[in-house]
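Accompanying notes for the structure given below.
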Amino acid sequence: MKKHDCALFDLDGVIVDTAKFHFLAWKKIASTFNYDLTSNDNEQLKGISRSDSLQIILKMANTVIEPSKFEKYLAQKNLDYLDFIKDLGPEDILPGIFETLIFLNKRKVKIGLGSASKNAEVILSKLGLTSFFGIVIDGNKVNKSKPHPEVFLRGSSALGVAPEKCLVFEDSASGIISAKAAGMTAVAIGDPDKFLNEDFCYPDFMSLVQNDLDKLF
Ligand code: BG6
Ligand code: MG
């Protein structure tokens with residue numbers, strides 16, 4: 001197997017299970033449009049920016065809002081989300097992540113974050129993981145969100161590693177498309193039925209660590 005010099009991590013749903021809090025916060029917003037957002041609907045929102053997510057929910061709910069209200073809904077969603085994650089701490093790091101970061105450090109593999117979230121820096125800090133990341137590319141730094149490859153290409157370029165030597169860990173279909181469009185190896189975490197073009201898929205991060213981490217780097 002090809003060895004990689006750089007690992008780029010998605011945040012929500014890979015490092016920490018904040019995906020469920022995004023879902024709950026969006027469910028609350030959707031209910032104001034009399035729409036019951038399902039977990040199936042939510043799969044389409046994973047990896048998608050806050051503003052694009054609201055556009056998608058409005059379409060699902062068949063609802064049109066005044067443009068002036070758009071920002072208000074975004075702000076409300078984020079307030080609710082921040083409330084859900086207010087007690088987040090190192091104990092919430094998903095199994096296998098910490099061991100992997102230590103392993104990568106020992107192997108001198110460069111580490112970056114590629115997330116659509118504008119809350120990424122805050123969350124990494126709450127988890128106590130900031131110092132592991134050589135670069136953080138988040139929703140404040142990209143112009144085009146996943147499935148566009150910008151987020152991962154910026155990460156690899158900032159770390160000075162060619163895309164084909166980078167490996168991406170992702171839990172969203174849009175993120176896997178983004179990683180492949182960037183010319184990187186895409187490792188999907190979750191149910192293989194959710195993804196289209198991943199290189200590898202593991203049900204959770206721990207099974208990757210126990211079986212294949214050593215072969216990938
Ligand atoms: C992604 C999540 O990581 O970040 C999406 O998968 C979320 O669900 C997006 O919408 C933007 O996050 P935030 O924190 O900027 O609202
Ligand atoms: Mg994710």
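One-based numbering, in listed order, for ligands and for the atoms of each. A quick note: this is a predicted structure, and the numbers were derived from the prediction, not measured.
Excluding waters, the set of protein N, O or S atoms lying under 2.8 Å from the Mg ion (ligand 2) comprises Asp10 OD2, Asp12 O, Asp171 OD1.
Atom 9 (C) of ligand 1 has as its closest protein heavy atom Ile48 O, 3.2 Å. Among protein heavy atoms, the minimum distance from atom 16 (O) of ligand 1 is reached at Arg50 NE, 2.7 Å. Of all protein heavy atoms, the one lying nearest to atom 3 (O) of ligand 1 is Asp12 OD2, 2.7 Å.
Counting heavy atoms closer than 4.0 Å to ligand 1, residue Ser53 contributes side-chain atoms (C-beta onward) but none from N, CA, C or O. Of all the heavy atoms of Lys118, the ones lying under 4.0 Å from any atom of ligand 1 are found in both the backbone and the side chain.
At a cut-off of 3.5 Å, with distance as the only test, a side-chain donor of Tyr35 or Asp41 sits close to an acceptor on the other residue. Judged by distance alone, the side chains of Asn119 and Asp138 never bring a donor and an acceptor atom under 3.5 Å apart. Asp199 and Thr185 form no side-chain donor-acceptor contact under 3.5 Å, judged by distance and modelled atom types alone.
Atoms of ligand 1 lying under 4.0 Å from any heavy atom of Lys77, numbered from 1 in the order shown and given with element: 16 (O). Listed by atom number, the atoms of ligand 1 under 4.0 Å from Asn119 heavy atoms are 13 (P), 14 (O). Applying the 4.0 Å criterion to heavy atoms of Lys46 picks out, from ligand 1, the atoms 6 (O).
His148 and Ser178 get closest at one heavy-atom pair: O-OG, 3.0 Å.
Within the 4.0 Å heavy-atom shell around ligand 1 one finds Gly47. Ligand 1 has at least one atom lying under 4.0 Å from a heavy atom of Leu45.
Closest heavy-atom approach to atom 14 (O) of ligand 1 among the candidates Ser51, Ser117, Ser174: Ser117.
With respect to the salt-bridge test (charged N to carboxylate O, under 4.0 angstrom), the residues Lys126 and Asp92 do not qualify.
Between the side chain of Asp17 and the backbone N or O of Gly13, no donor-acceptor pair lies under 3.5 Å. Within the 3.5 Å criterion, the main-chain N or O of Ser49 finds a donor-acceptor partner in the side chain of Ser53.
Stacking of Lys77 on the aromatic ring of Tyr81 is recorded, both the 6.0 Å distance cut-off and the 45° axial limit being met.
Ring geometry for Phe217 against Phe169 counts as tilted: the plane angle lies between 30° and 60°, on a 0 to 90° scale.
Within the 4.5 Å cutoff, side-chain heavy atoms of Ile189 are placed close to those of Leu208.
Counting only residues at least two apart or on different chains, the salt bridge (Lys or Arg N to Asp or Glu O under 4.0 Å) pairs with a member in residues 45-72 are Glu43-Lys46, Glu66-Lys69.
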